[in-house]
> 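Have a look at this one.
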Amino acid sequence: MISFNVPPFTGKEFDYMHEAVTNHKICGDGPFTKKCNEWLEKRFNAQKVMLTTSGSSALDMSAILCELNPGDEVILPSFTFSSTANSFVLAGARLIFVDIRPDTMNIDEMKIEPAITERTKVIVPVHYAGVACEMDTIMDIAQKYKLKVVEDAAQGVMSTYKGKSLGTIGDFGCFSFHETKNYSMGEGGAIVINKQKYIEKAEILREKGTNRSQFYRGQVAKYNWVDFGDSYLQSDLNAAYLWAQLEMADEINDNRLAIWNRYYNELNCLYEDGLIDLPIIPPECEHNAHMFYIKLRSLEERAEFIKFMKDAGVMCVFHYVPLHSAPAGLKFGRFHGEDAFTTCESDKLVRLPLYYKLSKDDQYFIISKVKEFFLNTSKSNEK
Ligand SMILES: *Cc1c(COP(=O)(O)O)cnc(C)c1O
């Protein structure tokens with residue numbers, strides 16, 4: 001059986017976690033959290049990065065820092081994970097879903113402006129599969145209408161848009177280090193803060209509403225409850241696990257890209273025969289091989305494909321059921337404009353196994369099975 005995902009593990013994780021335990025420092029903001037934050041800031045040229053308990057909690061923090069009022073509107077794609085939407089529901093906003101582009105499955109930047117009303121406050125581009133949204137256009141719209149931009153870069157760690165790291169372009173960026181993401185600590189994430197004015201507020205929000213961060217830096221004599229807050233900092237044990245992977249970030253990225261490219265090249269013949277669609281990477285985007293998906297011709301064919309692969313011992317999965325048609329989506333938002341691509345493109349998409357150290361043998365087996373499926377279906381079509 002070939003799993004769909006295996007969490008990344010480099011070998012050094014146990015050493016670092018052991019170190020955290022023997023140094024009696026396992027709560028939040030310990031030495032490993034600091035190392036991870038600094039690495040992410042330096043590598044991505046970010047003002048401020050803070051690890052959080054999840055990508056979802058980084059989105060929660062961002063939504064709270066946007067200071068929304070009940071009835072304010074947030075524009076986001078419907079083709080995304082529920083977390084993107086939940087955070088803005090929590091912050092009291094109404095969700096305005098707009099259509100995606102069929103090439104990248106990202107929010108269609110041309111559909112944003114028509115959806116803006118006097119209540120619109122935030123745009124949330126989701127960098128699907130670690131491939132950037134059209135950020136220049138999105139930032140221009142945000143500037144024109146004085147909107148905030150929260151990048152859901154949960155899948156975009158190590159990806160760039162015109163040379164800029166994803167997560168560092170909007171007001172806030174959100175990373176995920178869930179076990180299904182490229183770099184992991186089991187459950188975890190990070191918020192990227194790209195404007196100086198939010199940093200102090202974010203530190204207070206993350207530390208239960210106290211100014212403990214300033215206290216640790218010696219800026220205040222004692223710490224106090226100064227504003228509304230919550231607890232968004234993860235254990236240093238989790239950061240120790242993540243640190244082992246950040247140290248090898250390039251090797252992990254290269255390994256994933258090699259797997260991605262092998263899928264792409266090997267399956268190109270099916271694309272040329274008009275049997276599948278392959279992912280499209282715009283020239284201004286450098287991606288991180290977060291996922292490899294193909295698109296089949298229909299929902300029915302996709303179901304047959306997943307079953308065929310499963311019977312062959314290969315786990316393939318699909319996502320997402322568009323949020324605007326889900327029960328909570330109907331409750332908390334509405335779709336603006338025409339659903340030309342969101343539903344029909346998501347119905348056709350299926351993800352193939354892709355994880356750090358997926359072996360070549362396993363990958364060639366997966367590729368052979370994908371080809372076999374289409375050989376069988378084209379034969380049965382001829383009958
Ligand atoms: C994974 C993911 C999240 C949530 O991250 P968690 O760390 O699991 O909370 C949010 N948005 C997108 C697009 C994701 O893929």
Side-chain angles (χ1 to χ4, degrees), residues 4-5 7-8 33 36 40 49-64 74-91 95 97-98 100-101 104-107 122-133 135 138 149-159 161 166-167 169-170 172-192 206 230-235 238-239 241-242 245-246 256 279 287-293 317-324 326 328-329 342 346 349 351 354-355:
F4 172 68
N5 179 60
T33 304
C36 291
L40 293 163
V49 177
M50 290 186 259
L51 291 190
T52 57
T53 46
S54 65
S56 303
S57 61
L59 281 159
D60 287 351
M61 281 185 72
S62 303
I64 293 167
V74 171
I75 296 175
L76 72 167
S78 170
F79 182 70
T80 183
F81 189 53
S82 61
S83 296
T84 319
N86 276 324
S87 301
F88 292 94
V89 172
L90 180 72
L95 309 171
F97 299 108
V98 298
I100 53 167
R101 297 162 38 150
T104 57
M105 304 297 282
N106 280 332
I107 190 167
V122 187
I123 307 171
V124 192
V126 179
H127 304 299
Y128 181 69
V131 179
C133 298
M135 289 309 290
I138 292 170
V149 174
V150 176
E151 294 177 72
D152 183 340
Q155 304 177 6
V157 179
M158 296 279 278
S159 294
Y161 169 82
L166 300 194
I169 304 166
F172 304 101
C174 303
F175 294 150
S176 170
F177 300 116
H178 184 260
E179 75 165 33
T180 54
K181 302 301 201 283
N182 292 24
Y183 308 92
S184 184
M185 51 189 195
E187 298 280 354
I191 181 169
V192 187
R206 181 166 166 272
D230 206 332
S231 183
Y232 295 110
L233 64 172
Q234 54 9 275
S235 162
N238 296 50
Y241 190 97
L242 178 65
Q245 288 155 52
L246 295 184
R256 296 186 73 107
H287 75 111
N288 60 357
H290 172 62
M291 71 170 84
F292 193 88
Y293 64 82
V317 304
F318 69 85
H319 70 180
Y320 305 101
V321 177
L323 298 185
H324 75 280
T342 299
S346 65
L349 185 145
R351 303 170 60 182
L354 199 175
Y355 49 84

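Sequential numbering from 1 along the given sequence is applied to the chain's residues. Counting starts at 1 for both ligands and their atoms, in listed order.
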> Are N288 and R256 close enough that some pair of their side-chain heavy atoms sits under 4.5 Å apart?
no
> Aromatic ring centroids of F177 and Y183 under 6.0 Å?
no
> Please work out whether any backbone atom (N, CA, C, O) or any side-chain heavy atom from C-beta onward of S56 is under 4.0 Å from ligand 1, and answer side chain, backbone, both or neither.
both
> Can you check which of K181, H178, Q155 brings a heavy atom nearest to atom 2 (C) of ligand 1?
K181
> Classify the ring geometry between H319 and Y128 as parallel (under 30°), tilted (30 to 60°) or perpendicular (over 60°).
tilted
> Apply side-chain contact (heavy atoms from CB on, under 4.5 Å) to the pair L51 and T33, showing each step before the final yes or no.
CA-CA 7 Å; L51 291 190; T33 304; 4.0 Å; yes
> In ligand 1, which numbered atoms sit nearer than 4.0 Å to a non-hydrogen atom of V126?
13 (C)
> Starting from atom 5 (O) of ligand 1, what is the nearest protein heavy atom, named by residue and atom, and what distance separates them?
S176 OG, 3.3 Å
> Just heavy atoms, cut-off under 4.0 Å: does T180 contact ligand 1 by side chain, backbone, both, or neither?
neither
> Between S54 and ligand 1, which residue portion shows a heavy-atom distance shorter than 4.0 Å: side chain, backbone, both, or neither?
both
> Starting from atom 11 (N) of ligand 1, find the nearest protein heavy-atom neighbour and note its residue, name and distance.
D152 OD2, 2.8 Å
> For the atom pair CG (L354) and CZ (F292), what is the distance rounded to the nearest 0.5 Å?
8.5 Å
> Is it the case that atom CZ in F4 sees more than 12 heavy atoms from other parts of the structure closer than 6.0 Å?
yes
> Going by the atom numbers of ligand 1, which of them fall below 4.0 Å from some non-hydrogen atom of G188?
7 (O)
